[in-house]
Amino acid sequence: MSASPPLFVVLAAGKGTRMKSAEPKVLHKIAGRSMLAHVLETAKTIDGAGLSVVVGPEMEAVVRETRAVAPGAEVFVQTAQRGTADAVLAARSALDRHSGDVIVLYADTPLIRPETLQRLQKALDAGANIAVLGFRPKNPTGYGRLVTDSKGTLLAIREEKDASQAERQIAICNSGVLAFRVPKINDLLSHIGNSNAKGEFYLTDAIELARAVGLVATVVECDADEVLGVNARDQLAAAEAIWQTRARLALMRDGVTMIAPETVWLSFDTKIAPDVVIEPNVVFGLGVTVEEGATILGFCHLTGAMIGKGARVGPFSRFRPGAKLGPDVHIGNFVEVKNVSLGAGAKANHLSYLGDGSVGSKANIGAGTIFCNYDGFNKQKTEIGEGAFIGSNTSLVAPVRIGAGAYIGSGSVITKDVSPGALALERVSQEERPGWAEKFRTLMTRRKAEKS
Ligand code: UD1
Ligand code: CA
């Protein structure tokens with residue numbers, strides 16, 4: 001029998017009414033990536049595999065997502081939702097062209113692992129014609145039950161609505177993931193009828209039909225977490241939690257310290273190097289890289305940022321796309337960095353907005369410094385040279401350049417470029433009136449007494 005690469009058929013045509021969403025269900029995200037993309041990425045890990053995605057009518061957004069994640073995938077439209085067997089048959093022409101194994105995946109079951117797909121293929125290699133991925137959920141309500149004989153051979157899958165009282169007691173359930181190695185899968189599926197409680201064409205009926213023509217079906221068991229099906233928002237949150245737990249564990253195994261891992265939120269593409277220490281309550285949005293030995297103190301929020309080797313950021317710092325921190329940069333509390341690169345050892349330790357521009361190495365940005373980057377129409381750049389010292393409460397009105405090693409006096413509003421090594425001050429010079437305070441108090445005390 002064939003051990004050539006399989007064809008994956010990913011079912012994504014469901015409306016997902018229980019999500020109560022304007023968006024198709026399979027585009028809802030886990031760790032910042034759609035459920036559909038999670039499934040497609042997993043399928044793509046199997047070398048040479050073909051990909052067919054079955055979508056519902058008017059699901060352009062699902063088609064776009066498919067094209068973006070798996071440009072080689074074929075998209076098929078299931079015109080009406082007549083059940084899972086009918087959905088697979090929407091990809092009939094791809095099935096006709098393919099002679100190897102066929103594996104059906106659900107786009108609303110996003111946590112399945114590549115190793116599990118390989119176990120299904122092994123079950124086929126061991127002689128089964130159909131391998132069904134089964135699991136034992138804490139609460140089996142709503143799932144199809146796997147009916148087996150005393151030797152564990154799979155006899156049938158019974159949907160809950162069609163199951164007898166005795167069948168409902170079965171603990172092992174259908175995940176929905178099925179692998180086929182049958183001569184003509186289209187023929188087998190075409191024989192499936194719809195005389196059942198829902199009046200749908202059930203893919204699960206393939207088991208009994210296959211057995212009737214002498215084919216063998218078997219069960220491969222996996223962890224319940226891996227095949228959690230997402231039908232509603234609480235399950236979406238549960239799937240997110242499972243994904244996060246997995247990802248945190250993987251990072252810790254790779255040498256990342258997390259003091260309270262359950263409070264650190266990661267995205268699918270977060271990259272964190274060994275010996276990074278992450279304090280509690282840190283959120284990594286999309287596109288973040290953290291290099292070796294950096295420390296992320298509590299309550300930081302990062303997206304599209306690069307944190308260099310040995311840098312120390314937080315607590316309470318925010319990094320937005322284009323924030324690029326060189327080695328040993330320090331960013332402190334209530335500092336927001338967007339689209340700014342900072343050279344090695346630069347510091348901005350308190351209460352600042354650094355938006356659009358660059359900061360040279362070892363420059364020091366005082367508390368309350370603002371890059372005034374926006375005039376209501378355009379964004380402009382602030383460029384600060386190496387070793388420059390920006391006094392506290394400085395407004396740098398972009399476009400503006402501060403030369404290397406220059407000093408800016410506190411409280412200045414800097415609108416013109418400053419030469420290297422210069423001191424720039426922009427404020428009224430201080431005046432002093434000796435003895436003024438005592439005279440003022442005496443005057444005010446007298447006036448108050450006169451009134452009462
Ligand atoms: C299905 C299985 C059930 C299993 C459960 C696991 C059948 C008949 N039942 O039930 O045994 O325990 O999944 O979660 O297969 N879809 C289409 N077109 C359709 C119908 C469904 O593309 O016409 C897609 C959906 O988008 C979804 C998947 O198929 O991705 C499963 O459909 P759903 O209606 O959620 O099936 P369940 O009732 O959950
Ligand atoms: Ca489902």
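Below, all heavy atoms of this structure are taken into account, side chains as well, without hydrogens, waters or symmetry copies. In each ligand, atom 1 is the first atom listed, and ligand 1 is the first ligand listed. Values in this document were obtained by computation on a predicted structure and should not be read as measured data.
Salt bridge Asp125/Arg181: present, at least one basic N to carboxylate O contact under 4.0 Å. Taking the charged nitrogens against the carboxylate oxygens, Glu226 and Arg113 do have a contact shorter than 4.0 Å, which makes a salt bridge. With respect to the salt-bridge test (charged N to carboxylate O, under 4.0 angstrom), the residues Asp356 and Lys381 do not qualify. Electrostatic pairing of Arg158 and Glu208 counts as a salt bridge here, judged by a charged N lying under 4.0 Å from a carboxylate O. In summary, Arg320 and Glu336 engage in a salt bridge, as defined by a charged side-chain N under 4.0 Å from a carboxylate O. Salt bridge status for Arg168 with Glu160: absent, with no side-chain N to carboxylate O gap under 4.0 Å. The pair Arg97-Glu74 meets the salt-bridge criterion, since a charged nitrogen lies less than 4.0 angstrom from a carboxylate oxygen.
Ligand 1 places these atoms under 4.0 Å from at least one heavy atom of Ala87: 17 (C), 18 (N), 22 (O). Within ligand 1, the atoms closer than 4.0 Å to a non-hydrogen atom of Gly144 are 3 (C), 4 (C), 11 (O), 12 (O), numbered from 1 in the order shown. Distances below 4.0 Å separate heavy atoms of Thr204 from the following atoms of ligand 1: 7 (C), 8 (C), 11 (O), 15 (O). When each atom of ligand 1 is checked for a heavy atom of Arg82 under 4.0 Å away, the hits are 23 (O). Short contacts between ligand 1 and Ser175, defined as distances under 4.0 Å to a heavy atom of the residue, involve ligand atoms 6 (C), 14 (O).
Between Trp243 and His38, the ring-plane angle classifies as perpendicular under the 30° and 60° cut-offs.
Here's the thing with Ile157: none of its N/O atoms is less than 3.5 angstrom from an N/O atom of ligand 1. Residue Gly83 has at least one nitrogen or oxygen atom sitting less than 3.5 Å from a nitrogen or oxygen atom of ligand 1, judged on distance alone. For a threshold of 3.5 Å applied to N or O pairs, the pair formed by Lys25 and ligand 1 contains no separation below that value. In terms of polar-atom proximity, Asn174 is counted as a contact of ligand 1, with an N or O under 3.5 Å from an N or O of the ligand. Residue-to-ligand polar distances place Thr84 within reach of ligand 1: an N/O pair is separated by less than 3.5 Å. Residue Glu159 has at least one N or O atom closer than 3.5 Å to an N or O atom of ligand 1.
Look at Ala13 and you'll find a heavy atom under 4.0 Å from some atom of ligand 1. Remark: distances from the non-hydrogen atoms of Val54 to ligand 1 are all 4.0 Å or more.
Donor-acceptor pairing under 3.5 Å is lacking for the side chains of Asp269 and Ser267.
Considering only non-hydrogen atoms, atom 27 (C) of ligand 1 lies nearest to Asp108 out of Val177, Asp108, Asp162, Val132.
When side chains are defined from C-beta on, Leu354 counts as touching Leu342, because their heavy atoms get closer than 4.5 Å.
Proximity of Glu200 to ligand 1, defined as any heavy-atom pair under 4.0 Å, is not found for any part of the residue.
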